Amino acid sequence: MAASVIGLGLTSCEDFLDRPTEDSYVAGGYYKTDAECIAAVDYLYNSPWYDFQRGFFKVGEVLSGNYYWGSSPYLNFSLNSNDEDLRNMSYSLWAVNGHSNVVRKYIEGGGASQAIKNQTMGECLLWKAMAYFYLVRTFGDVPIVHDNADMISSGTYNEQPKVQKADVYEYIVMTLEKAIELLPEHCTEGRLDKYCAKGLLAKVYLTKAGVSGQLNSNDLQMAATLAKDVIDNSGRSLEKNYADIFKLEGNKSPENMIAWRWVVSSQWTSQNTFQSDLGMTGMDEYGDVWGEWGGPSVDLQDAFGFNVLDDPSTRPDVDTRRKATMMTVGDVIPYLWRDKGGFDYMRFEYDKDYNSAAWGEHRSPTGCNVVKHLYGNNADHVTVLGTSAARMASSLCTPILRLADIYLVFAEAKVLQGQGTDADALKAFNAVRQRAIPNALAATSLTFDDVWKERRLELACEGDRWYDFVRLAYYNPDRAISELKSQRRNQYWNLNLTFKNYYQTGQWLLENKDDDGNAQNTTYDEDTPAPNVTVNSFTIPFPMEDLTFNPLLKEDAIHVDVREAYQY
């Protein structure tokens, strides 16, 4: 409940990304000036979200079948209430809500100008809405904590009943409506503005549309209208080159509408730690990377039309998003390890002159490693941002709502209304697809399958895919279950023999001999059974600690007229 933590040193839109945060505990005497109120919300862009990072990826990507993570319960649908990452995820999301509530109250009673009060209170409300959007899509029915102080003073904080999903979505809608009312039309350098809130609200309406079990045409129309407003009037446009979004330079990309704005600082929790879990050992100088034992799934590779068993010299890489998402044999990523001419995947594994920590073997069970979320080495960090990285710490932002997502929200809303030939929907869809595949023919009509697949490719490894399945499962659980069960979620055997032989001889062979002379074929594991997915799989269990502290979480959810019960 230490929600009076504020970030000092970031005092305007312009230098928001340029100066480090130094969080401090302060008394209620703060919030007297415009600068203080702006600084007071800056830490909401990073610190309270820190413990969600691992859950964000494991739920969004491993559970959805986009990423292979060993024997993880997220991979085989054996997740239970004792999972540590699930607990941290829950705590982080409730922390965001609590901090947003309390900081907004302080600002409301502070001495800043009304314009700055409105802006910063709007930022608090948008972050609150984002936290609840994750909560309801992850756990289903959840309590509504509207005012922490009231609940604490009344002694009822651990006695809050679950509220039905439909009511929680309505609560998110009313929260974003208020944020839209308060936020400025435009802001620069990563701060939230009115169109960020409208974009999120469009996605909320698209998800909310199916929560009753049948699609609601009014919600779909609201999703389409809001998305179109953002596309036409936000002043934002898609980056020309897809990979540019995810480089360190992408911190300033206007396509990243809502992002966690991490900073390396003396305050632990303000930083991005993704590279440690997802990068390859030896990638940076800090001895803090261990992620080469996982990798983008074979099923995701299939979706890209890419197969690591194909000879790299004949590989038909036509979708530029593949290489910006995952790297494998033959790939060089020019914006990682810039001081060494780019990150050469094979040399990194096998060439000690290039990488002194090269281990001499291929370790990814899927033949690929992720590219998104990696900043590279300290030289990359200094070159682009002018500041050093640190152990388990970078300032690379994490996009959680991109403009391309809004383009596809618009297209999906139109398709679900039976308007697959709508000219604006086609224009939005084709803009996303043809950026990735410049020679792709423009679609002249759209189906749900078209948009569904495009979302997967466009947003792969960005923590979003599981929530697409949740949205689909609201009104079509059979399809969601069938697709998850049919995925190729397993690993390859003997990839190292093929990869190492190719590096040493230039020959691509799937039949090799190990050091003992035994024949070993490089093959996909067909024997591991499909995950046991049921209709209940789309609601993740609450952490055991939550159930212990609030026994009402075990009870049935109640209906609440949120617009009557809560006011902003």
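In this text the structure is predicted, and so the values were computed from the model without any measurement.
- Every residue meeting the ring-ring contact (aromatic ring centres under 6.0 Å, His included) condition with Tyr134, not counting sequence neighbours, appears here in chain and number order: Phe52, Tyr467.
- Taking CG of Leu300 as the reference point, atom CD of Gln487 lies at 9.5 Å (rounded to 0.5 Å).
- A search for side chain to side chain contact (heavy atoms under 4.5 Å, CB included) contacts involving Glu361 returns Trp293, Trp359, Arg363, Asn496, not counting sequence neighbours.
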(request) Using the side-chain hydrogen bond (donor to acceptor under 3.5 Å, both in side chains) rule, take Thr314 and Asp311 through it: C-alpha gap first, then chi angles, then the decisive distance, then the call. (result) CA-CA 6 Å; Thr314 63; Asp311 185 332; 4.9 Å; no
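- Residues meeting the side chain to side chain contact (heavy atoms under 4.5 Å, CB included) test with Val384, sequence neighbours left out: Leu248, Glu249, Arg338.
- Within the model, atoms CZ of Arg236 and OG of Ser253 stand 9.0 Å from one another, a figure rounded to the nearest 0.5 Å.
- Inter-residue side-chain proximity for Phe542 and Leu86 is flagged as unmet; no heavy-atom pair is nearer than 4.5 Å.
- When atom types are taken as modelled, the side chain of Thr523 and the backbone of Trp493 share no donor-acceptor pair closer than 3.5 angstrom.
- No donor-acceptor distance shorter than 3.5 angstrom exists from the side chain of His362 to the backbone of Lys500, with no hydrogens or angles considered.
- Side-chain contact check for Val96 versus Met130: every heavy-atom pair is 4.5 Å or farther apart.
- The closest side-chain heavy-atom distance from Phe139 to Pro543 is below 4.5 Å.
- With hydrogens and angles disregarded, no donor-acceptor distance shorter than 3.5 Å links the side chain of Asn476 to the backbone of Leu472.
- Salt bridge absent: Asp277 and Lys58 never bring a charged side-chain N and a carboxylate O closer than 4.0 Å.
- Panel note: side chain Thr281, backbone Val289; a donor-acceptor pair is recorded below 3.5 Å.
- Between Trp260 and Trp49, the two ring planes are tilted [angle within 30° to 60°].
- Taking every heavy atom of both residues into account, Leu75 and Gly70 meet most closely at CD2-O, 3.0 Å.
- The 12-atom threshold is not exceeded at NZ of Lys513, counting heavy atoms of other residues, nucleotides or ligands nearer than 6.0 Å.
- For the pair Ala357 and Gly282, the tightest heavy-atom approach, listed with the atom from each and the gap, is CB-CA, 4.4 Å.
- Of the charged side-chain nitrogens involved, at least one lies within less than 4.0 Å of a carboxylate oxygen, so that Arg315 and Asp331 count as a salt-bridged pair.
- Between the side chain of Thr207 and the backbone N or O of Lys203 there is at least one donor-acceptor pair closer than 3.5 Å.
- Annotation: ring-ring contact (aromatic ring centres under 6.0 Å, His included) contacts of Tyr74 (sequence neighbours excluded): none.
- Formation of a donor-acceptor pair under 3.5 Å by the Tyr335 side chain with backbone atoms of Gly376 is not found in this model.
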(message) Quick one, Asn378 with Tyr286, criterion side chain to side chain contact (heavy atoms under 4.5 Å, CB included). Give me CA distance, side-chain angles, the key distance, then yes/no.
(response) CA-CA 9 Å; Asn378 192 53; Tyr286 303 104; 3.2 Å; yes
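- Checked against side-chain hydrogen bond (donor to acceptor under 3.5 Å, both in side chains), Arg455 has the following partners two or more places apart in sequence or in another chain: Asp405, Asp464, Asp468.
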(request) Tell me, with the steps shown, if Ser78 and Asn76 meet side-chain hydrogen bond (donor to acceptor under 3.5 Å, both in side chains). (result) CA-CA 6 Å; Ser78 61; Asn76 59 24; 2.5 Å; yes
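- Between Arg391 and Asp288 there is no salt bridge, since none of the side-chain N atoms of the basic residue sits less than 4.0 Å from a carboxylate O of the acidic one.
- Side chains of Tyr43 and Thr269: no donor on one and acceptor on the other come within 3.5 Å.
- Glu483 places a side-chain heavy atom less than 4.5 Å from the side chain of Trp452.
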(request) Evaluate the criterion side-chain hydrogen bond (donor to acceptor under 3.5 Å, both in side chains) for residue pair Asp380 and Thr383; output intermediate values, then yes/no. (result) CA-CA 5 Å; Asp380 296 320; Thr383 296; 5.8 Å; no
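- Atom NZ of Lys427 has 12 or fewer neighbouring heavy atoms from other residues, nucleotides or ligands inside a 6.0 Å radius.
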(request) Test Arg402 against Glu239 for salt bridge (charged side-chain N to carboxylate O under 4.0 Å, His left out), laying out the working first. (result) CA-CA 11 Å; Arg402 292 199 285 111; Glu239 289 283 355; over 6 Å; no
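- Between Tyr132 and Trp94, a ring centre-to-centre spacing shorter than 6.0 Å is recorded.
- In summary, Arg471 and Glu412 engage in a salt bridge, as defined by a charged side-chain N under 4.0 Å from a carboxylate O.
- Side-chain atoms of Pro531 and Arg489, non-hydrogen and from C-beta on, do get closer than 4.5 Å to each other.
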(request) Just do the side chain to side chain contact (heavy atoms under 4.5 Å, CB included) check on Asp344 and Asp351 with the steps written out, would you? (result) CA-CA 10 Å; Asp344 187 312; Asp351 184 351; over 6 Å; no
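- Judged purely by distance below 3.5 Å, without hydrogens or angles, the side chains of Trp262 and Gln53 never pair a donor atom with an acceptor atom.
- Summarising the geometry, atom CZ belonging to Phe429 is positioned 13.5 Å from atom CZ belonging to Phe410; distances are rounded to the nearest 0.5 Å.
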(message) Set out, in order, the CA-CA distance, both residues' side-chain angles and the distance that settles side chain to side chain contact (heavy atoms under 4.5 Å, CB included) for Phe306 and Met326, then state yes or no.
(response) CA-CA 11 Å; Phe306 161 75; Met326 64 183 82; 4.0 Å; yes
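- When atom types are taken as modelled, the side chain of Asn377 and the backbone of Glu285 share no donor-acceptor pair closer than 3.5 angstrom.
- Note that Arg465 lies in the cation-pi zone of Phe469, set by a 6.0 Å cut-off to the ring centre and a 45° limit from the axis.
- Note on ring orientation: taking the six-membered ring where Trp is involved, the planes of Trp69 and Phe57 are tilted (angle from 30° to 60°).
- Using a 4.5 Å heavy-atom threshold, the side chains of Tyr45 and Val263 count as separate.
- Here the options are Tyr345, Phe348, Tyr354, Tyr350, the test is ring pair (Phe, Tyr, Trp, His ring centres under 6.0 Å), and the partner is Tyr503; only Tyr350 passes.
- For the pair Glu61 (side chain) and Ala460 (backbone), a donor-acceptor distance under 3.5 Å is absent.
- Taking the charged nitrogens against the carboxylate oxygens, Arg435 and Glu255 do have a contact shorter than 4.0 Å, which makes a salt bridge.
- When side chains are defined from C-beta on, Asn439 does not count as touching Val318, because their heavy atoms never get closer than 4.5 Å.
- Judged by distance alone, with hydrogens and angles left aside, the side-chain atoms of Asn272 form a donor-acceptor pair with the main-chain N or O of Leu396 at under 3.5 Å.
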(request) Go through Phe304 and Thr325 one step at a time and tell me if the side chain to side chain contact (heavy atoms under 4.5 Å, CB included) criterion holds. (result) CA-CA 10 Å; Phe304 275 109; Thr325 302; 4.2 Å; yes
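- The backbone N or O of Phe499 sits nowhere less than 3.5 Å from a side-chain atom of Glu349 that would complete a donor-acceptor pair.
- Side-chain contact between Met283 and Leu278: absent, with no pair of heavy atoms (C-beta onward) separated by less than 4.5 Å.
- Smallest separation of non-hydrogen atoms from Tyr375 and Ala390: OH-O, 4.5 Å.
- Residues forming a side chain to side chain contact (heavy atoms under 4.5 Å, CB included) with Leu510 (at least two apart in sequence, or on another chain): Leu309, Thr498, Trp508, Thr522.
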